[in-house]
Amino acid sequence: MTETTTTDERAPVTALLAELLERIAEDVPGALGTAVSVHHDEGPPYLAAAYGLSADFVSVQLTGLGGPVPAAGRTGEPVVTADVFADERWPWLTLTGLIEHHPLTAADWTRVRGVAALPAAWDAEGTMVLSVTLDRPATAETLAALRRHERLTALAMVVAEAARPDRTTQMLDLLQSRAALEEAKGIVIALRRCDPDEAWQTLRRASQQFNVKVRELAVALVELLSGAPAPQPDGERTIRPGAAARAAAHQVLRAFDGEVGLTPSG
């Protein structure tokens with residue numbers, strides 16, 4: 001398989017995204033396919049676009065069998081497996097099961113070995129997962145290759161979504177949220193001396209633990225550290241952190257100083 005496909009009308013594939021997915025596959029040794037999917041806390045995940053074997057392989061993971069891609073979307077943490085069909089974390093994702101349900105592509109399934117799935121911030125309530133399916137074990141180097149393309153993939157996704165007239169407003173909101181998240185990630189990276197993946201995971205975990213929206217936590221964190229309002233456009237798209245988000249930001253900074261853990265107060 002060499003075509004790039006989309007399985008959801010909410011995410012039309014532009015030529016830019018199609019070419020990007022193919023280039024990512026070319027950049028990862030042993031790649032059989034690449035995919036980008038979107039995962040929300042509410043509602044089912046969906047495959048935005050895929051190249052090569054990942055078109056079918058990621059689809060079956062998202063529609064009930066489970067696997068490294070939905071796991072990355074659910075936890076917000078990178079997932080790497082050396083042998084996906086022998087991995088006990090996903091007992092329903094088996095080679096025999098795939099061949100039974102997709103006999104016409106049986107020869108392709110026998111080539112699959114490793115998978116790497118890299119989650120990244122997508123919108124206020126969701127996660128984007130960039131993944132690659134391999135004919136060899138996935139390693140830390142595989143994740144490093146995906147990281148090189150994460151930001152450009154997110155930008156291409158925004159462009160693809162914005163091409164739909166009914167998505168213009170939502171994409172402006174998305175861009176605003178991503179700007180806030182990137183600034184907050186920079187703060188976490190500087191304070192914790194960690195990589196972007198860990199910074200995003202830290203914000204996501206704190207958001208869940210304190211039951212606040214991650215974009216509000218991000219803005220509150222920026223404003224707390226700078227002592228001034230975060231630069232934002234005026235109007236309906238301005239992100240205004242509530243009291244809970246500001247309290248969470250204080251707790252996060254205190255945790256970085258080693259005074260308390262990331263647990264809700266009271």
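The first residue in the sequence is number 1, and the count goes up from there. We use all heavy atoms of the structure for the numbers below, so side chains are in, but hydrogens, waters and symmetry mates are not.
When side chains are defined from C-beta on, D56 does not count as touching D108, because their heavy atoms never get closer than 4.5 Å. You'll find the side chain of P137 stays beyond 4.5 Å of the side chain of D83, heavy atoms only. Side-chain contact between V115 and L134: absent, with no pair of heavy atoms (C-beta onward) separated by less than 4.5 Å. Under the 4.5 Å side-chain criterion, counting only non-hydrogen atoms from C-beta, R192 is in contact with E198. In this structure the side chain of S37 reaches within 4.5 angstrom of the side chain of L62, judged on heavy atoms. V58 is not listed as a side-chain neighbour of V129, based on a closest heavy-atom distance of 4.5 Å or more. For the pair R113/D135, no side-chain contact is recorded, criterion being any heavy-atom separation below 4.5 Å from C-beta on. In this structure, the side chains of V69 and V79 stay at 4.5 Å or more apart for every pair of heavy atoms.
Looking at every heavy atom in both residues, A116 comes nearest to T142 through CB-CG2, 3.6 Å. Counting all heavy atoms, side chain and backbone alike, A72 lies closest to P119 at O-CB, 3.7 Å. Minimum interatomic distance between L17 and A49 (heavy atoms only, all atoms of both residues): CD2-CB, 3.9 Å. Across every non-hydrogen atom of A206 and V252, the tightest pair is CB-CG2, 3.8 Å. Between I187 and L221, the closest heavy-atom pair is CD1-O, 4.1 Å. Here the shortest heavy-atom pairing between P78 and R147 reads CG-NH2, 4.4 Å.
A distance-only check finds a donor-acceptor pair linking the side chain of T94 to the backbone of G97 [under 3.5 Å]. Side-chain atoms of E150 do not come within 3.5 Å of backbone N or O of A120 as any donor-acceptor pair.
To the nearest 0.5 Å, atoms CD1 (I99) and OG1 (T105) are separated by 8.5 Å. Note that CG of L191 and CG of L225 are 6.0 Å apart. Values are rounded to the nearest 0.5 Å. The structure places CH2 of W109 at 10.0 Å from CG of L32, a figure rounded to the nearest 0.5 Å. The OG1 atom of T153 sits 12.0 Å away from the CZ atom of R23 when rounded to the nearest 0.5 Å. To the nearest 0.5 Å, atoms NE2 (H149) and CG (L20) are separated by 7.5 Å. Note that CG of L95 and CZ of R111 are 13.5 Å apart. Values are rounded to the nearest 0.5 Å.
Tracing side-chain contacts under 4.5 Å through hydrophobic residues (I, L, V, M, F, W, Y), one reaches V80 starting from M128; they form part of the same cluster. L143 and I189 fall into different hydrophobic clusters, where Ile, Leu, Val, Met, Phe, Trp and Tyr side chains are chained together by heavy-atom contacts under 4.5 Å.
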Practice prompt. Check the pair V219 / E183 against side-chain contact (heavy atoms from CB on, under 4.5 Å), numbers first and verdict last.
Written response: CA-CA 8 Å; V219 172; E183 193 167 0; over 6 Å; no

Item to complete: Under the side-chain contact (heavy atoms from CB on, under 4.5 Å) rule, what do V112 and L53 come out as? Steps first, then yes or no, please.
Response: CA-CA 9 Å; V112 174; L53 187 57; 3.4 Å; yes

Discussion item. side-chain contact (heavy atoms from CB on, under 4.5 Å), that's the test. Do L93 and D87 meet it? Break it down for me.
Written reply: CA-CA 9 Å; L93 187 62; D87 200 312; over 6 Å; no

Item to complete: With side-chain contact (heavy atoms from CB on, under 4.5 Å) as the test, would you mind laying out the steps for V132 and L118 before giving the verdict?
Response: CA-CA 9 Å; V132 61; L118 178 68; over 6 Å; no

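Classification of the F57-F85 ring pair by plane angle, with boundaries at 30° and 60°, yields perpendicular.
Under 3.5 Å, the side chains of E141 and T139 contain a donor-acceptor pair of N or O atoms. Side-chain contact, T133 with S54: a donor N or O sits under 3.5 Å from an acceptor N or O. No donor-acceptor contact under 3.5 angstrom links the side chains of R205 and Q208, judged on distance only.
Checked against side chain to side chain donor-acceptor pair (under 3.5 Å), S207 has no partners two or more places apart in sequence or in another chain. Applying the side chain to side chain donor-acceptor pair (under 3.5 Å) test to E26 and every residue at least two apart in sequence or in another chain returns nothing. Taking the side chain to side chain donor-acceptor pair (under 3.5 Å) definition, one finds that R136 meets it with nothing, sequence neighbours left out.
Ion pairing of E223 with R246 is present here, as a side-chain N (NZ or NE/NH1/NH2) and a carboxylate O approach within less than 4.0 Å.
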